[in-house]
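Taking it in order: structure first as structure tokens, then the write-up.
Heads up: numbering here begins at 1 and tracks the sequence. Quantities reported herein were computed from a predicted structural model and do not represent experimental measurements.
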Amino acid sequence: QVQLAESGGGTVQAGGSLRLSCVASRGSFSVYTLGWFRRAPGKERELVGGIRITGTETVYADSVKGRFTLSRDDAKNTMTLQMDSLKPEDTAVYYCAASVCAFVLSRPSDWDYWGPGTQVTVSS
């Protein structure tokens, strides 16, 4: 079983950048598909992006393609989400997640482990 913890959230102006990190405090990343989700006020939790085991494939939500970059370093048990050209609509609580499934699935219920979340606020 893996325990996850996010860091790097905060407040930034529109057009700015933030870098989120997710670290496994117990267990190893290397056997999991990893992903980032977010939940904006009044909305459902949605997939931002995911990366398969060994980083062979990375997928992104259409809303963040070209602006966000996801990467993993299994040796350090760390996953990062580089967020550039941030927009006010990116404001949300961001969660990292791990799945035993080999593929990146979009439904939150298909993911097995979650971090507590970190707040990202983008001001206009």
Side-chain angles (χ1 to χ4, degrees):
Q1 187 171 355
V2 64
Q3 290 186 340
L4 308 175
E6 306 92 343
S7 63
T11 300
V12 64
Q13 288 190 332
S17 298
L18 280 175
R19 185 178 180 90
L20 303 184
S21 294
C22 177
V23 176
S25 59
R26 189 171 73 183
S28 173
F29 265 173
S30 63
V31 299
Y32 297 102
T33 292
L34 303 175
W36 287 95
F37 284 77
R38 67 185 182 187
R39 181 163 61 193
K43 296 187 177 181
E44 298 292 323
R45 194 174 299 197
E46 64 174 358
L47 177 70
V48 174
I51 185 167
R52 293 180 63 183
I53 294 171
T54 72
T56 53
E57 180 184 9
T58 306
V59 299
Y60 297 95
D62 288 342
S63 59
V64 306
K65 279 181 182 177
R67 300 188 299 120
F68 290 12
T69 304
L70 194 157
S71 61
R72 64 188 293 165
D73 184 340
D74 291 344
K76 297 181 179 180
N77 269 354
T78 300
M79 173 177 59
T80 60
L81 182 68
Q82 178 66 40
M83 305 186 295
D84 299 317
S85 302
L86 282 162
K87 304 175 181 180
E89 51 263 43
D90 295 318
T91 295
V93 177
Y94 283 72
Y95 302 87
C96 66
S99 170
V100 299
C101 181
F103 301 96
V104 177
L105 301 176
S106 62
R107 294 187 309 180
S109 59
D110 289 324
W111 292 73
D112 302 287
Y113 304 104
W114 293 87
T118 186
Q119 176 71 45
V120 171
T121 303
V122 184
S123 60
S124 57

Nearest-0.5 Å distance, OG of residue Ser106 to CG of residue Leu47: 6.5 Å
Identify the heavy atoms of Trp114 and Pro108 that sit nearest to each other, and give their distance. CZ2-O, 3.4 Å
Quick check: is Leu81 connected to Val2 through a chain of hydrophobic side chains (ILVMFWY, heavy atoms under 4.5 Å apart)? yes
N/O donor to acceptor pairs below 3.5 angstrom from side-chain atoms of residues 11-21, sequence neighbours left out:
residue	atom	partner	partner atom	Å
Ser17	OG	Asp84	OD1	2.7
Arg19	NH1	Gln82	OE1	3.1

Set of salt bridge (Lys or Arg N to Asp or Glu O under 4.0 Å) partners for Lys65, sequence neighbours left out: Asp62
Under 4.5 Å between side-chain heavy atoms, hopping through other hydrophobics if needed: is there a path connecting Val64 to Met83? yes
Is there a donor-acceptor pair closer than 3.5 Å between any side-chain N or O of Arg52 and the backbone N or O of Val59? no
Can you name the salt bridge (Lys or Arg N to Asp or Glu O under 4.0 Å) partners of Arg45, sequence neighbours left out? none
Does a side-chain heavy-atom distance below 4.5 Å link Tyr60 with Val48? no
Under 3.5 Å, which donor-acceptor pairs link side chains of residues 33-40 to any protein atom two or more places apart or in another chain?
residue	atom	partner	partner atom	Å
Thr33	OG1	Cys101	O	2.7
Arg38	NE	Glu46	OE2	2.7
Arg38	NH1	Asp90	OD1	2.9
Arg38	NH1	Tyr94	OH	2.9
Arg38	NH2	Glu46	OE2	3.3
Arg38	NH2	Ser63	OG	3.4
Arg39	NH2	Tyr95	OH	3.3

Test of understanding: clusters of I, L, V, M, F, W, Y form through side-chain heavy atoms closer than 4.5 Å, transitively. Do Met79 and Val31 belong to the same one? yes
Side-chain atoms of residues 116-124: list all donor-acceptor pairs with protein atoms under 3.5 Å, sequence neighbours left out, distances to 0.1 Å.
residue	atom	partner	partner atom	Å
Thr118	OG1	Gly9	N	3.3
Gln119	NE2	Ala92	O	3.4
Gln119	NE2	Thr121	OG1	3.3

Treating Ile, Leu, Val, Met, Phe, Trp and Tyr as nodes and any side-chain heavy-atom pair under 4.5 angstrom as an edge, say whether Leu70 and Tyr113 lie in one connected cluster. yes
If I take atom OG from residue Ser85 and atom CZ from residue Arg67, how far apart are they, to the nearest 0.5 angstrom? 7.0 Å
Hey, any chance Phe68 and Val93 share a hydrophobic cluster, counting ILVMFWY side chains that come within less than 4.5 Å of each other, even indirectly? no
Set of residues satisfying salt bridge (Lys or Arg N to Asp or Glu O under 4.0 Å) with respect to Asp110, sequence neighbours excluded: Arg107
Any donor and acceptor pair, going by atom type alone, linking the side chain of Gln3 with main-chain N or O of Ser25 inside 3.5 Å? no
Starting at CZ of Phe29, measure out to CG of Asp73 and round the result to the nearest 0.5 Å. 10.0 Å
Given Asn77, which of Cys22, Ser30, Ser28 fulfils the side-chain contact (heavy atoms from CB on, under 4.5 Å) condition? Ser28
